[in-house]
Amino acid sequence: MHYQKGERDTVRFGYASQNLTLGLTTGQTLRLANLQDAERVHALVRSNLSALEEILYWNAEHGIGLFRLSQLLIPFASHPDFPYDWEQEHGRLLARAGVLAGHLGIRLSMHPGQFIQPGSPNPDVRDRSVAELRYVARVLSLLGGADLVLHLGGAFDNKPAAIDRFVRSLEGEEDVLKYLALENDERLWTVEEVLEAACRLRTPVIVDTLHHSLNPGELSLRYALNAALTTWRRRPKVHLSSQDPSKQLGAHAWGVNMNDFRVLLDSIGGGDVDVMVEAKGKEGAVLPLVAGCQILPLEAAR
DNA sequence: AGATGTCAAGCGGAT
DNA sequence: ATCCGCTTGACATCT
């Protein structure tokens with residue numbers, strides 16, 4: 001299950017949202033026009049949670065220690081038209097899945113997408129964003145999850161002002177901050193800038209290797225990783241993905257280029273780390289890493 | 001049956 | 001000024 005980097009150092013791997021082998025997703029959703037059908041929403045959420053449990057078992061059997069839930073686990077949960085009290089109705093099943101993940105030793109996370117903009121100059125956008133983040137934090141709490149991963153979002157032609165708004169929107173949101181981890185992106189926010197925002201919110205930083213290679217700012221990968229790893233008071237996490245050579249810059253490849261992985265391990269040096277793999281092939285991109293790690297000589301990890 | 005376009009939400013960037 | 005990408009599935013409408 002754990003790759004031995006050194007006497008005590010381990011690396012774990014994970015993937016996001018769905019398992020292609022099982023043909024299961026934790027992100028079945030529906031259109032807003034159908035949201036008033038409470039029975040249907042209820043069945044959908046139960047289906048997503050059932051898929052989660054099956055995926056957790058599969059992951060444990062295949063030595064995979066991380067899984068990212070789809071943000072759509074409970075679709076439209078933070079929307080004002082959501083038809084019932086989802087925490088009341090699904091709390092017990094969420095807790096059950098959380099106990100299972102705990103037993104299997106699998107770290108759970110969620111990663112809300114592009115519409116979540118706590119740094120927006122538009123107060124309505126900020127409010128909706130915070131509402132969605134509270135939903136994610138609540139789900140993670142019920143599941144015993146670990147990480148709410150977020151980008152800084154837009155820059156609005158004034159990066160310091162955007163960071164100020166971002167920080168002010170989340171200051172005091174203790175339930176969110178407990179899980180929050182901030183990630184660099186491929187165009188706007190470098191690791192160095194994310195470190196600044198994270199420092200102000202006292203929250204850890206995730207380095208995404210592909211994003212960093214496209215938007216490194218002044219920092220080497222080694223420096224960026226070492227700075228980010230020190231921000232973690234729980235087990236640190238990084239994101240790993242490779243460029244799809246046939247697509248535009250930033251597009252994820254089906255699998256992970258082994259050289260990208262070696263560069264990552266080499267840049268990290270020692271210590272435990274969790275690696276979230278972002279690849280079109282999902283679990284199929286992770287399995288070779290799990291297998292490869294078991295036969296790599298120790299020197300290759302350093 | 002299969003193919004296509006649109007759906008809650010917001011940005012930045014290309015054109 | 002308008003469209004596209006991020007990511008993915010649902011589903012209405014068409015062929």
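Everything numeric here is computed off the predicted structure, so don't read it as measured data. Here is the naming used below: chain letters follow the sequence lines, and residue numbers restart at 1 for every chain.
Taking only side-chain atoms of A:N34, from C-beta outward, the nucleotide of B:dG12, C:dA12, B:dC11 with the closest atom is C:dA12. Checking C:dG5, B:dA8, C:dA10 against the side-chain heavy atoms of A:H79 singles out B:dA8 as nearest. Across B:dC11, B:dA8, C:dA10, the shortest atom-to-atom separation from the side chain of A:F76 is found for B:dA8. Each of C:dT8, B:dG10, B:dT6 was ranked by its minimum atom distance to the side chain of A:Q18; first place goes to C:dT8. In this structure, of B:dG13, C:dA10, B:dC11, it is B:dC11 that holds the atom nearest to the side chain of A:V125. For A:K282, the side-chain atoms get nearest to C:dT8 when compared with the rest of C:dA12, B:dG10, C:dT8.
Atom P of nucleotide B:dG12 and atom NE2 of A:H211 are separated by 16 Å, given to the nearest angstrom. The separation between A:L73 atom CG and C:dT7 atom P is 20 Å, rounded to whole Å. One interatomic measurement links the two molecules: CZ of A:F166 to C1' of B:dG10, which rounds to 14 Å at whole-angstrom precision. Taking atom CG of residue A:N19 and atom P of nucleotide C:dG9, one finds them 13 Å apart after rounding to whole Å. Atom NZ in A:K159 sits roughly 10 Å away from atom P in B:dG12 (whole-Å rounding). Here the P atom of nucleotide C:dT7 and the CD atom of A:Q71 are 13 Å apart, to the nearest Å. Between the P atom of B:dG12 and the CD1 atom of A:I116 lies a distance of 16 Å, rounded to the nearest Å. The separation between A:Q243 atom CD and C:dG5 atom P is 15 Å, rounded to whole Å.
Using a 4.0 Å heavy-atom criterion, one finds that A:Q114 contacts the bases of the nucleic acid, with or without backbone contacts as well. Within the nucleic acid shown, A:K280 comes within 4.0 Å of sugar-phosphate atoms alone, with no base atom in reach, counting heavy atoms only. Heavy atoms of A:S129 sit nowhere under 4.0 angstrom from any nucleic acid atom. The residue A:N122 sits apart from the nucleic acid: no heavy atom pair falls under 4.0 Å. Counting non-hydrogen atoms under 4.0 angstrom, A:L188 reaches the backbone sugars and phosphates but no base. Nucleic acid contact for A:R31: base, since at least one base atom lies under 4.0 Å from a heavy atom of the residue. Using a 4.0 Å heavy-atom criterion, one finds that A:A155 contacts the sugar-phosphate atoms exclusively. Across all strands shown, A:Q28 has heavy atoms under 4.0 Å from sugar-phosphate atoms exclusively, and none from any base.
Between the side-chain ring of A:F115 and the base of B:dG10, no stacking contact exists by the 5.5 Å and 30° definition.
A:R126 and A:S129 share no donor-acceptor pair across their side chains, judged by distance under 3.5 Å alone.
Between A:W58 and A:H62, the angle of the ring planes stays under 30°, which puts this pair in the parallel group of the 30/60° scheme.
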task: Can you run through DNA chain B from 5' to 3' and write each base as (, ), [, ], | or . depending on how it pairs? Watson-Crick or G-U wobble, both distances under 3.5 Å.
output: |||||||..||||||
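Remark: A:K159 is positioned above the aromatic ring of A:W189, its terminal NZ or CZ atom under 6.0 angstrom from the ring centre and at most 45 degrees off the axis.
Taking hydrophobic clusters as Ile, Leu, Val, Met, Phe, Trp and Tyr residues chained together by side-chain heavy-atom distances below 4.5 Å, A:F261 does not share a cluster with A:M276.
A salt bridge is absent between A:K178 and A:E174: the closest approach of a Lys/Arg side-chain nitrogen to an acidic carboxylate oxygen does not fall below 4.0 angstrom.
For A:R187 and C:dC6, the shortest distance from a side-chain N or O to OP1 or OP2 is not below 4.0 Å. Listed pair A:S17 / C:dT8 fails the phosphate criterion, with no side-chain N or O lying under 4.0 Å from OP1 or OP2.
Ring-centre distance between A:F13 and A:F67: not below the 6.0 Å cut-off.
Surrounding OH of A:Y57 are at most 12 heavy atoms belonging to other residues, nucleotides or ligands under 6.0 Å away.
Taking the C1' atoms as reference points, C:dC4 lies 15 Å from B:dT6, given to the whole Å.
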